[in-house]
Student: 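Structure below; questions to follow.
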Amino acid sequence: MVSVRRGRTDWPRVDALKDRDIASAVANDSDAAPPLHRAWFRSARVVLPVRKVPVSLRLDPDVLAWFKAQGRGYHSRMNAVLKAYARAHREAK
């Protein structure tokens with residue numbers, strides 16, 4: 001079975017990487033998460049995301065336009081802003 005890869009990734013270069021190349025790249029990347037070891041996987045647990053609740057919401061046109069202008073995922077960003085607001089006010093009490 002042939003898989004179709006899309007996008008701008010240089011897949012032949014990625015496919016040619018050796019494990020030591022990947023380990024070196026991770027070690028030199030300050031943003032990379034540390035490698036996970038077997039012990040971590042033994043204590044890991046699956047946490048399923050909370051199912052979202054559909055709502056009808058009235059917003060000012062400029063507010064909606066601003067979130068939409070940020071690109072895909074604007075619903076999730078709006079949810080994150082509201083969640084942060086609720087958390088901040090819940091902790092303040």
Student: Among pairs that include at least one residue of residues 57-85, which meet ring-ring contact (aromatic ring centres under 6.0 Å, His included), considering only residues two or more places apart or in two chains?
Tutor: Tyr85-His89

Student: List the residues meeting side-chain contact (heavy atoms from CB on, under 4.5 Å) with Asp10, not counting sequence neighbours, and say none if there are none.
Tutor: Pro12, Arg13

Student: Under the rule for ring pair (Phe, Tyr, Trp, His ring centres under 6.0 Å), what residues qualify as partners of Phe41, not counting sequence neighbours?
Tutor: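 Result, ring pair (Phe, Tyr, Trp, His ring centres under 6.0 Å) vs Phe41: none returned.
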
Student: Would you confirm whether Asp21, through its side chain, and Lys18, through its main-chain N or O, come within 3.5 Å as a donor-acceptor pair?
Tutor: yes

Student: Is there a path from Leu64 to Leu82 through hydrophobic residues (I, L, V, M, F, W, Y) whose side chains come within less than 4.5 Å of each other?
Tutor: no

Student: Who passes side-chain contact (heavy atoms from CB on, under 4.5 Å) against Ser43, sequence neighbours left out?
Tutor: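 Listed in chain order: nothing, the list is empty.
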
Student: In the hydrophobic clustering that connects Ile, Leu, Val, Met, Phe, Trp and Tyr at side-chain heavy-atom distances below 4.5 Å, which members other than Ile22 occupy its cluster, ordered by chain and number?
Tutor: Leu17, Val26

Student: Using atom types as modelled, flag every donor-acceptor pair under 3.5 Å from a side chain in residues 45-61 to any protein atom, sequence neighbours excluded.
Tutor:
none

Student: Any donor and acceptor pair, going by atom type alone, linking the side chain of Arg77 with main-chain N or O of Gly71 inside 3.5 Å?
Tutor: yes

Student: Roughly how far apart are Met78 CE and Lys83 NZ, rounded to 0.5 Å?
Tutor: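 Here the rounded value is 15.0 Å.
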
